[in-house]
Amino acid sequence: MYVADSRSSKAPVAPAETRPGRREAADGPGDGPGTVDGSTGDGRRTVARAAVPGTVVALGVVSLVTDVSSEMVSAVLPLYLLTGLGLSPLGFGLLDGIQNGFSAVVRLLGGHLADRRGRDGASRHKAVAAVGYGLSALCKPLLLLVHTVPLIGAVIAVDRTGKGLRTAPRDAMISLATEPAHRGRAFGVHRAMDTAGALLGPLTAFLVLRLAGGPMLADGGQQQGYHAVFAVSGCVAVLGVLVLLLFVPNRLHDVDPSSGAAPSSGAAPSDARPRLRDGLALLRIPGLRRLTVCAVLLGLTTVSDSFLYLLVQRRLGLSVEYFPLLPLGTAGAFLLLAVPLGALADRIGRRRLFLAGHGVLLLAYGLLLSPLDGPAAVVCVLLLHGSFYAATDGVLAAAAADTVPAERRGAGLALVGTGQALARFACSLAFGALWSAVGGTTALTWSALALAGCVTGAAFVLRGPAAAPVAAPGEPAPTTDDSEVPS
């Protein structure tokens with residue numbers, strides 16, 4: 001079923017049948033939860049199916065499989081480098097931070113290349129995404145061949161390059177394949193599937209290590225368990241590339257270039273060959289500029305996951321043996337809430353929910369600073385942390401897609417994502433330095449105060465009309481975003 005669905009660029013929407021006292025499902029629950037009347041009157045389709053086309057499902061499967069592969073390596077790589085190869089914690093932190101920042105910059109290039117059209121006039125979103133996924137798949141078996149820190153660093157850099165290249169084209173394909181009124185739900189479905197891979201990856205690595213007979217904390221002479229993880233991870237990554245090539249369409253048909261936003265002076269004309277500097281020119285679009293500014297502003301006060309988990313362990317008295325399970329708690333909450341919060345964003349406004357998500361993160365900070373402790377407090381913090389990601393990750397991409405013309409969608413999404421990623425990278429460096437200087441509790445207190453101020457500032461910046469999604473034929477104009485965001 002999804003193979004056939006993936007060949008169409010947009011979700012099928014049944015022709016609406018006007019009846020007194022009834023509203024279409026896309027506009028509200030007037031016809032009952034999740035139903036749309038067919039024109040023949042003899043069948044119904046769920047909103048979930050109408051909102052999530054096969055292309056999005058296929059891309060979700062690609063992300064799920066790829067995340068299983070990536071998280072298998074991420075789960076064991078720190079220990080492999082620290083205990084197996086003798087890298088210092090400071091060296092690993094710098095290596096990881098620099099390469100994540102590099103991935104954010106490469107994202108701009110990926111978005112630009114994806115928007116450049118071939119001789120047939122089709123955009124290259126799938127081709128650029130395939131190169132990105134392919135580079136990451138190639139890096140996994142290379143870890144079997146390199147045994148020095150500089151070479152491993154080079155392999156990881158190539159892997160991060162692949163991630164940077166594929167992110168913007170993938171999100172652009174999701175937005176172009178989905179009706180504007182349902183983008184929040186579509187991104188929520190994709191992020192839920194992506195997070196499922198993040199949950200399965202560490203568990204798969206654990207099983208592979210047990211089966212291979214290699215202990216988790218191996219010394220320099222016992223690396224066979226890690227090598228087994230790298231080999232299996234490479235095979236899984238190749239499977240993800242095959243799903244992309246076989247089940248995601250090469251080009252998206254019937255895409256309206258004006259969907260979500262009219263072309264402006266900041267965008268390259270649809271018949272022109274975009275240049276890399278045209279990506280920055282997209283900031284002339286008011287809606288995209290406001291979102292980018294807010295993403296950067298809020299990213300500067302978003303404490304990294306690693307620091308948050310360390311604070312949870314120390315502040316709430318969690319046993320050290322349970323520390324590795326903390327990311328699974330966040331991912332589990334993210335997985336459960338991504339789809340319903342994405343659908344909620346379509347109804348109440350994506351910018352509103354994006355700001356509300358940072359308000360939820362502020363509650364998590366407040367709970368960490370409160371005198372509460374014990375398992376209940378740990379669970380609450382992780383639920384709030386996962387809720388923050390569910391309310392902001394895909395929702396920001398859906399909101400940005402509404403502001404960018406279709407022919408520059410990849411570059412626009414890359415611009416917002418890069419700004420946010422670089423801001424969070426800067427926050428990690430600043431928070432680490434602050435923790436070293438004044439302690440973790442004081443550093444979190446200052447971060448919470450800064451986040452409260454940035455949420456207020458972001459609400460002020462986002463005030464004003466938002467880009468209105470274009471309704472599908474036969475549907476009333478959807479009200480999927482705010483006319484203004486109250487400060």
Side-chain angles (χ1 to χ4, degrees), residues 74 78 89 93 96-97 100 191 195 198-199 202 294-338 341 353-393 395-396 420-421 423-459:
S74 298
D96 182 67
N100 282 330
R191 296 309 195 258
T195 306
L199 281 169
C294 290
V296 171
L297 192 65
L298 294 169
L300 289 172
T301 53
T302 302
V303 177
S304 74
D305 295 354
S306 298
F307 284 127
L308 186 75
Y309 298 144
L310 286 172
L311 287 168
V312 167
Q313 190 272 321
R314 297 185 181 187
R315 287 281 302 164
L316 302 183
L318 183 69
S319 174
V320 175
E321 63 180 314
Y322 296 114
F323 180 82
L325 299 179
L326 293 178
L328 298 181
T330 295
F334 188 2
L335 174 64
L336 293 174
L337 295 174
L341 288 183
L353 191 64
F354 179 70
L355 289 176
H358 286 84
V360 170
L361 181 63
L362 187 60
L363 290 178
Y365 291 174
L367 187 56
L368 275 174
L369 295 171
S370 72
L372 299 176
D373 58 11
V378 172
V379 171
C380 288
V381 170
L382 294 180
L383 285 175
L384 291 171
H385 195 221
S387 301
F388 155 71
Y389 277 118
T392 58
D393 189 12
V395 171
L396 176 61
Q420 183 186 59
R424 288 182 175 179
F425 172 59
C427 178
S428 294
L429 296 179
F431 188 86
L434 196 60
W435 187 329
S436 300
V438 298
T441 302
T442 303
L444 183 63
T445 301
W446 291 5
S447 296
L449 293 175
L451 178 60
C454 287
V455 169
T456 303

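Numbering of residues begins at 1 and proceeds along the displayed sequence. Heavy atoms only: backbone and side chains are in, while hydrogens, waters and symmetry mates are out.
Here the CG-CG distance, from L368 to L308, works out to 5.5 Å after rounding to the nearest 0.5 Å. Interatomic distance, CG of L355 versus SG of C294, reported as 6.5 Å (0.5 Å rounding). Rounding to the nearest 0.5 Å places CZ of F354 at 14.0 Å from CG of L341. For the atom pair NE2 of H358 and OG1 of T302, the computed distance is 4.5 Å after rounding to the nearest 0.5 Å.
Within the 4.5 Å cutoff, the side chain of Y309 has heavy atoms near those of the P327 side chain.
Closest non-hydrogen pair, Q420 versus L396, comes out as NE2-CD2, 3.5 Å. Minimum heavy-atom separation, A331 to L199: CB-CD2, 3.6 Å.
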Which atom pairs, one a donor and one an acceptor, fall under 3.5 Å between side chains of residues 433-455 and the rest of the protein, sequence neighbours left out?
residue, atom, partner, partner atom, Å
S436, OG, G432, O, 3.0
T445, OG1, T441, O, 2.9
S447, OG, A443, O, 3.0

Cut-off 3.5 Å, no hydrogens considered: what does the side-chain donor-acceptor table look like for residues 378-393, sequence neighbours left out?
residue, atom, partner, partner atom, Å
H385, ND1, T330, OG1, 3.0
H385, NE2, D305, OD1, 3.3
S387, OG, L383, O, 2.7
Y389, OH, D305, OD1, 2.5
Y389, OH, D305, OD2, 3.2
T392, OG1, F388, O, 2.7
D393, OD2, R191, NE, 3.4

